[in-house]
Amino acid sequence: MSSSPVRVRFAPSPTGMLHIGGLRTALYNYLLARKHDGVFVLRIEDTDRERYVAEAEKDIATSLAWAGLSFDEGPGVGGEAAPYYQSERKDIYKGYVQQLLDAGHAYYAFDTPEALQQLRDEAEHAFSYNAATRGALDNSLSLTDEEVQQRIANGEPYVVRMKVDHDITVRFSDEIRGSVAFEAEKIDDQVLLKSDGMPTYHLANVVDDHLMGITHVIRGEEWLPSTPKHVLLYDYFGWEAPAFAHLPLILNPEGGKLSKRDVERGGIPVSVRDYIERGYEPEALINFLALLGWNPGTEQELFSLEELVEAFSLERVGTSGVQFDLDKLNWFNEQHLRRLDLDGFVERVAPYAPKGESGYLRDVCALMQDRVSFARDVISEAGYFFEAPTSYDEKGVKKRWKDDSAMLLQAYADSLDEAATFDAETAEQRLRDLADEHDVGAGRLIHPTRLALSGVTFGPSLFAMMEVLGQRECVSRMRKAVQELGD
RNA sequence: GCCGCGUUCGUCUAGGGGUUUAGGACGCCGGCCUUUCACGCCGGUAACACGGGUUCGAAUCCCGUACGCGGCACCA
């Protein structure tokens, strides 16, 4: 275990609801921080005013809180490196851009977005703003100083681009993939400062990670191709780059990038919010996500968040894209539901339950905990605990309701009605006695009784169920069934 | 098109030169338990992308091919 002060950050962009892949990125960051008694920072990368969604930031906070991923520094909690909104750090970036400009590592460019788009459209393969093309473009490297100053003074919009020198190879080590190399001539002169005065991700990300003392940048694999730009930037500033770890992408069941479309197509929700709404337990989603791309090297599958912290390491994160399997998530949900103690389980079910006596819900839960995949199933699959059946399963009736059922059920109801005490044991005793009396198998009574009480042919142990339902309710439902189904 | 990353059962994965008749989990199939249905337990199904090397020996190392994914914005 390392004793170096680990500082990691999760830096989502508030452009939409928190993505499931984003939650996994946050989780891995969180795990590394907690594992090494480090610091987990939340930073909001809101430099894109065009795509800003006000609701998004709240969703990020809500989702992280729901998942149990607490952060040590960030919006709301503050910290030494505040502010944690990039939009509030504009002046900071300005200074660093100037530093780059002064050192000749960056330059002004006046090309309009439209002009660049046209170049891209006209290019045979792909247009790149780089050492080979910049001389013919509208920037401070092709213009005289006076002209540049004049145009800026005139209020002409401009951007600042990083000047990437060619004929070098940018190498860096990725914690997950090992050594990665890119030829500088393939890297373009990335815009660092947009014409609206906002930094781009690349600049802001490097400056902030350095200023915030980030030691490990853990992010999705989609960032791998732009990492050489970041490495170059650290170099220009004379800063030591943090360790990089690029996580394999989460794929949809067809093997493509998980997108909104997958919600309708494969039933795979993309937003964390959707998982919350569908009733997944946070422990299950976290456990599932942790194992999606990482494995502990043991055969343990079920983990609490604390256990994940204990077991986690970057070295055991995989390298290839992983497909999302809803069946397995569902299995984790069942497993985590069963791990709960009864009171804990009741807490999860309570929000779905009709108002009523809490002791009763607890009794129902005790019978249902091992039988459901989702907490709400207790209510949806065993509604008969809360309301008498209004109909009887047709196929069940056909199979289980015999000629003598009405008569037997009537007799059983009468017998139970007279009982001085009522619990599972007496219910069973009286049923077996009655069966003996009429010289029929117990099943002849058990099945029609279940049908009468629940309307369906499946469910928890009949006698346990009867005890929970209570004497009066059982007798009444049985008599009603005799009337309804007759003979 | 260019650049990068990847490739073990359908899916998540273990394994990192001989311990492998390639292990576990989900799913699926079968059985046991239960006069219900589940849970649980037991068993089964199913994989090293391909081709060359290196080596006494390769799923494991190297090269190539194929395929997949990602990136190539004044988006992150």
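Atoms considered below: every heavy atom in the structure, side chains included; atoms not considered: hydrogens, waters and symmetry mates. Every chain is numbered from 1, with letters handed out A, B, ... down the list of sequences.
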Handout entry: Geometric class of the A:Tyr108/A:Phe110 ring pair [parallel <30°, tilted 30-60°, perpendicular >60°]
Key = parallel

Practice task
Tell which nucleotide pairs with B:rC2, taking only Watson-Crick or G-U wobble pairs whose two distances are both under 3.5 angstrom.
Solution key: B:rG71

Practice task
Show the numbers, then the answer: is there a salt bridge (Lys or Arg N to Asp or Glu O under 4.0 Å) between A:Asp188 and A:Arg161?
Solution key: CA-CA 9 Å; A:Asp188 65 346; A:Arg161 288 182 178 270; 5.4 Å; no

Exercise for the section: Answer syn or anti for B:rC39, where the cut-off is 90° from 0 on the glycosidic torsion. Expected result: syn

Problem - Base partner of B:rG18, which must satisfy Watson-Crick or wobble distances under 3.5 Å - result: B:rC56

Practice task
Could you check whether A:Arg444 gets within reach of a base, just the sugar-phosphate, or nothing at all, counting any heavy atom under 4.0 Å?
Solution key: nothing

Exercise for the section: Take atom CZ of A:Arg450 and atom P of B:rA38, then tell me their distance rounded to the nearest Å. Expected result: 12 Å

Exercise for the section: For the residue pair A:Asp121 and A:Gln117, confirm or rule out a side-chain donor-acceptor distance under 3.5 Å. Expected result: yes

Practice task
Please work out if A:Ser128 contacts a base, only the sugar-phosphate, or nothing of the nucleic acid, heavy-atom cut-off 4.0 Å.
Solution key: nothing

Fill in the blank from the handout: Sorted by position of nearest nucleotide on RNA chain B, 5' first, the leading residue of A:Asp46 and A:Lys328 is A:Lys328

Practice task
For A:Ile446, report the nucleic acid contact type (base, sugar-phosphate, nothing); a contact means any heavy atom under 4.0 Å.
Solution key: base

Problem - Distance test, side-chain N/O of A:Arg51 to OP1/OP2 of B:rA76, below 4.0 Å - result: no

Problem - Any donor-acceptor N or O pair under 3.5 Å, side chains A:Ser87, A:Asp46 - result: yes

Practice task
Give, ordered by number, those residues of residues 181-193 of chain A having at least one heavy-atom distance below 4.0 Å to an atom of RNA chain B; if nothing qualifies, reply none.
Solution key: A:Ala181, A:Phe182, A:Lys186, A:Val191

Practice task
Measure the acute angle between the ring planes of A:Trp294 and A:Phe303, then classify it against the limits of 30° and 60° as parallel, tilted or perpendicular.
Solution key: perpendicular

Handout entry: Contact under 4.0 Å: A:Lys399 side-chain N or O vs B:rU36 OP1/OP2
Key = no

Practice task
Remember a base hit wins even if backbone is also touched, and classify A:Val456 as base, sugar-phosphate or nothing at under 4.0 Å, heavy atoms.
Solution key: nothing

Problem - Under 3.5 Å on both distances, the Watson-Crick or G-U partner of B:rA49 - result: B:rU65

Practice task
Would you kindly say whether A:Arg151 and A:Ser140 are connected by a side-chain donor-acceptor distance under 3.5 Å?
Solution key: no

Problem - Any side-chain donor near an acceptor of the partner, A:Tyr201 and A:Asp48, under 3.5 Å - result: no

Practice task
Using a heavy-atom cut-off of under 4.0 Å over every strand shown, decide if A:Ser320 touches base, sugar-phosphate, or nothing.
Solution key: sugar-phosphate

Exercise for the section: Please figure out whether A:Asp327 or A:Gly441 has its closest RNA chain B nucleotide nearer the 5' end. Expected result: A:Asp327

Exercise for the section: For A:Thr47, answer base if it contacts any base atom (sugar-phosphate contacts may also be present), sugar-phosphate if it contacts only those atoms, and nothing otherwise; contact means non-hydrogen atoms under 4.0 Å. Expected result: sugar-phosphate

Practice task
For A:Asn205, answer base if it contacts any base atom (sugar-phosphate contacts may also be present), sugar-phosphate if it contacts only those atoms, and nothing otherwise; contact means non-hydrogen atoms under 4.0 Å.
Solution key: nothing

Handout entry: Under 3.5 Å donor-acceptor pair, A:Arg177 side-chain atoms to B:rC5 base atoms
Key = no

Handout entry: Side-chain ion pair, A:Arg273 and A:Glu55, N-O less than 4.0 Å
Key = yes

Problem - Sugar-phosphate, base or nothing in reach of A:Thr319, heavy atoms under 4.0 Å - result: sugar-phosphate

Exercise for the section: With salt bridge (Lys or Arg N to Asp or Glu O under 4.0 Å) as the test, would you mind laying out the steps for A:Glu394 and A:Lys398 before giving the verdict? Expected result: CA-CA 6 Å; A:Glu394 217 173 293; A:Lys398 209 167 176 184; over 6 Å; no

Practice task
Quote, to the nearest angstrom, the P distance that separates B:rC28 from B:rU19.
Solution key: 34 Å

Exercise for the section: Would you please classify the geometry between the A:Tyr275 ring and the A:Phe324 ring as parallel, tilted or perpendicular, with 30° and 60° separating the classes? Expected result: tilted

Handout entry: Approximate separation, where rounding is to 0.5 Å, of A:Arg376 CZ and A:Glu381 CD
Key = 12.0 Å

Practice task
Compare side-chain N and O positions of A:Arg338 against OP1 and OP2 of B:rC39 and report whether any pair is under 4.0 Å apart.
Solution key: no

Handout entry: Residues from residues 363-378 of chain A lying under 4.0 Å of RNA chain B - heavy atoms
Key = A:Asp370, A:Arg371

Handout entry: Sugar-phosphate only, base, or nothing, as touched by A:Pro460 at under 4.0 Å among non-hydrogen atoms
Key = base

